[in-house]
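Below you'll find the structure, written out as structure tokens, and then a few comments.
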There are 2 protein chains.
Amino acid sequence: MRRGEITDNALNMSSCETCVVRNTAICSGLDAAELGLLNNIGRQRRLEAGESLVWEGEDSVLVANVIDGMLKLSAGTEDGREQIVGVVYPSEFIGRPFGRSTDYSVTALTEAEVCVFARADFDRFAAEHPALEHKLLERTLTELDRTRKWMLLLSRKNAQEKVATFLLEMSERLAPADCEAAAGVQWLKVFDLPFSRQQIGDVLGLTIETVSRQMMALSRAGVIALPSRRAVEIVDRAALEDMAS
Amino acid sequence: MRRGEITDNALNMSSCETCVVRNTAICSGLDAAELGLLNNIGRQRRLEAGESLVWEGEDSVLVANVIDGMLKLSAGTEDGREQIVGVVYPSEFIGRPFGRSTDYSVTALTEAEVCVFARADFDRFAAEHPALEHKLLERTLTELDRTRKWMLLLSRKNAQEKVATFLLEMSERLAPADCEAAAGVQWLKVFDLPFSRQQIGDVLGLTIETVSRQMMALSRAGVIALPSRRAVEIVDRAALEDMAS
DNA sequence: CGCTCTGTTGAGAAGACTCAATGCCTGTGG
DNA sequence: CCACAGGCATTGAGTCTTCTCAACAGAGCG
């Protein structure tokens with residue numbers, strides 16, 4: 001364990017410079033010297049799919065940046081109903097700086113690579129680096145907008161609209177970032193869902209059976225194709241957009 | 001009009017110093033000199049109940065601080081379904097700095113007093129005053145947590161739990177801030193709802209009829225009393241908490 | 001006193017949920 | 001390479017909650 005951590009740090013020493021999200025994460029406003037300091041307080045960590053980083057209700061002692069992979073933020077009622085309240089993608093930020101409590105769990109959906117900080121260390125660093133706080137503020141504002149938009153889906157859309165909207169969002173957010181270079185490709189025609197049917201249900205506020213029925217209905221209608229369990233092909237995007245309302 | 005604005009500014013000149021939310025709003029980190037500068041770019045504005053400050057889809061040119069009253073943030077689908085995605089209370093912040101688009105409308109629920117800034121002016125000021133950005137970041141993080149918690153309610157709670165949760169939240173958030181002084185009173189036993197039944201439905205993702213039926217059921221069960229159209233008395237708080245799940 | 005707006009009540013329909021059974025990949029071990 | 005177990009997904013039948021549509025009641029106002 002000790003051994004492993006030292007190795008992680010050693011790897012980490014060189015990794016801020018070479019980090020794949022170096023120019024898109026909140027670190028992008030920092031110069032080389034600042035980056036060195038940040039490097040000292042953070043460390044990289046690998047998560048298996050299904051592994052949790054933070055648990056609901058636990059004291060929030062960690063914050064993190066996602067380097068690779070996807071994670072879910074989930075909240076639940078006492079009686080076991082769960083809702084995924086957010087999905088975190090590479091270069092995005094996880095955690096609640098400047099605060100104690102966490103109201104949700106953070107769990108890896110795929111194998112993931114994150115850059116972890118002790119909250120106290122991060123808070124101190126952020127307080128001294130306004131550029132970083134500014135980036136974080138912009139991100140948080142964007143995330144708030146996105147979350148509010150999702151509220152409309154949860155409360156006012158029916159099962160068909162929810163599933164259609166979800167598939168469209170996935171086809172856009174799973175598109176690799178460098179597609180901007182290969183301009184024109186803003187979304188994927190074929191992709192693998194990083195979610196099980198159960199998890200899709202947890203995102204959309206539906207049961208697993210309803211998700212399954214809606215996906216099958218879309219498939220039967222020729223709007224999408226389902227070549228394998230996790231794979232989706234968007235056959236008629238215009239129709240899917242209509243159904244998303 | 002010119003006349004009016006000058007008068008507003010004149011009033012405003014004295015009002016930052018005497019502002020009732022001076023110590024709780026994002027301005028609280030600023031010293032007298034900074035406050036003077038902020039004073040120059042902002043102006044106070046009074047809104048009637050029902051009056052809108054920003055419209056959905058419109059370019060976001062304004063940001064504001066709420067001095068008094070309550071406002072709603074609402075989003076809608078093309079076919080007219082509406083969802084209230086947030087409620088803003090005194091000392092809270094409205095708007096999307098550092099960004100173009102607005103995805104929701106801002107409308108006064110009660111008569112309200114707000115301190116308005118042109119977004120460009122505010123952005124510039126914020127960039128030069130990290131303390132203000134820090135306050136704004138904390139607020140935005142808190143709002144994001146609150147919004148995520150509301151998602152759980154929208155997607156996983158039934159009508160009874162939704163209405164019970166709503167009434168409890170109202171009894172807490174409508175409690176005047178100075179109750180901290182009169183320690184122990186964290187919530188109100190009797191209060192006037194700032195929402196119509198329709199608006200409660202829009203907050204909870206329910207129809208007006210369902211809201212009405214649930215309120216009547218709670219009343220019949222002796223958990224609450226409804227002395228008038230807008231008034232609510234919490235008779236058995238423990239029972240109401242149980243029902244909120 | 002009547003008008004309008006908001007809220008309440010009722011009956012029926014629709015959508016999603018629950019429970020239960022079946023089918024189909026995937027990975028493991030013979 | 002095949003057989004089998006376990007997990008995930010699909011399908012079906014029936015129920016329940018909420019919505020929809022429609023009528024009515026009551027407060028507030030001119």
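In what follows, chains carry the letters A, B, and so on, assigned in the order in which the sequence lines appear, proteins first and then strands, with residues in each chain numbered from 1. Please read all numbers here as calculations on a predicted model, not as lab measurements. Computed from heavy atoms alone, side chains included, the values below leave out hydrogens, waters and symmetry copies.
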First encountered from the 5' end of DNA chain C, between A/Q160 and B/M215: B/M215

Below the 4.0 Å mark, does C/dT9 have OP1 or OP2 next to a side-chain nitrogen or oxygen of B/R220? yes

Considering just the side-chain nitrogens and oxygens of A/T210, establish if one lies under 4.0 Å of OP1 or OP2 belonging to C/dC17. yes

Roughly, in whole Å, what's the span from [atom1] in [X] to [atom2] in [N]?
{"X": "A/K162", "N": "C/dG15", "atom1": "NZ", "atom2": "C1'", "result": "11 Å"}
{"X": "B/R197", "N": "D/dT18", "atom1": "CZ", "atom2": "P", "result": "17 Å"}
{"X": "B/R81", "N": "D/dT18", "atom1": "CZ", "atom2": "C1'", "result": "15 Å"}
{"X": "B/D192", "N": "C/dT6", "atom1": "CG", "atom2": "C1'", "result": "15 Å"}
{"X": "A/L226", "N": "D/dA9", "atom1": "CG", "atom2": "C1'", "result": "11 Å"}
{"X": "A/L193", "N": "C/dC25", "atom1": "CG", "atom2": "C1'", "result": "16 Å"}
{"X": "A/E209", "N": "D/dG12", "atom1": "CD", "atom2": "C1'", "result": "11 Å"}
{"X": "B/N158", "N": "D/dT15", "atom1": "CG", "atom2": "P", "result": "21 Å"}

What does B/G205 touch in the nucleic acid at a heavy-atom separation under 4.0 angstrom: a base, only the sugar-phosphate, or nothing? sugar-phosphate

What is the nucleic acid contact for B/R156, judged by heavy atoms within less than 4.0 Å: base, sugar-phosphate only, or nothing? nothing

Nearest of [options] to any side-chain atom of [X]?
{"X": "B/R229", "options": "C/dC5, C/dA16, C/dG10", "answer": "C/dC5"}
{"X": "A/M216", "options": "D/dT10, D/dT18, D/dA9", "answer": "D/dT10"}
{"X": "A/T207", "options": "D/dA9, C/dT9, C/dC17", "answer": "C/dC17"}
{"X": "B/S196", "options": "D/dT10, C/dG7, D/dT20", "answer": "C/dG7"}
{"X": "B/I208", "options": "C/dT9, C/dA16, C/dT8", "answer": "C/dT8"}

Option passing side chain to side chain contact (heavy atoms under 4.5 Å, CB included) with A/Q214 (candidates A/K162, A/Q160, A/M243): A/Q160

Quick check: any donor-acceptor pair below 3.5 Å linking the side-chain of [X] to the base of [N]?
{"X": "A/Q199", "N": "D/dC8", "answer": "no"}
{"X": "A/R213", "N": "C/dT18", "answer": "yes"}
{"X": "B/Q198", "N": "C/dC5", "answer": "no"}

Under 4.0 Å between a Lys/Arg side-chain N and an Asp/Glu carboxylate O for [X] and [Y]?
{"X": "B/R146", "Y": "B/E169", "value": "no"}
{"X": "A/R148", "Y": "B/D103", "value": "no"}
{"X": "A/D68", "Y": "A/R46", "value": "no"}

For A/E172 and A/R237, what are the C-alpha separation, side-chain angles and deciding distance, and is it a salt bridge (charged side-chain N to carboxylate O under 4.0 Å, His left out)? CA-CA 12 Å; A/E172 278 154 26; A/R237 188 160 228 271; 3.5 Å; yes

Going by heavy atoms in the side chains, are A/L174 and A/L193 under 4.5 Å from each other? no

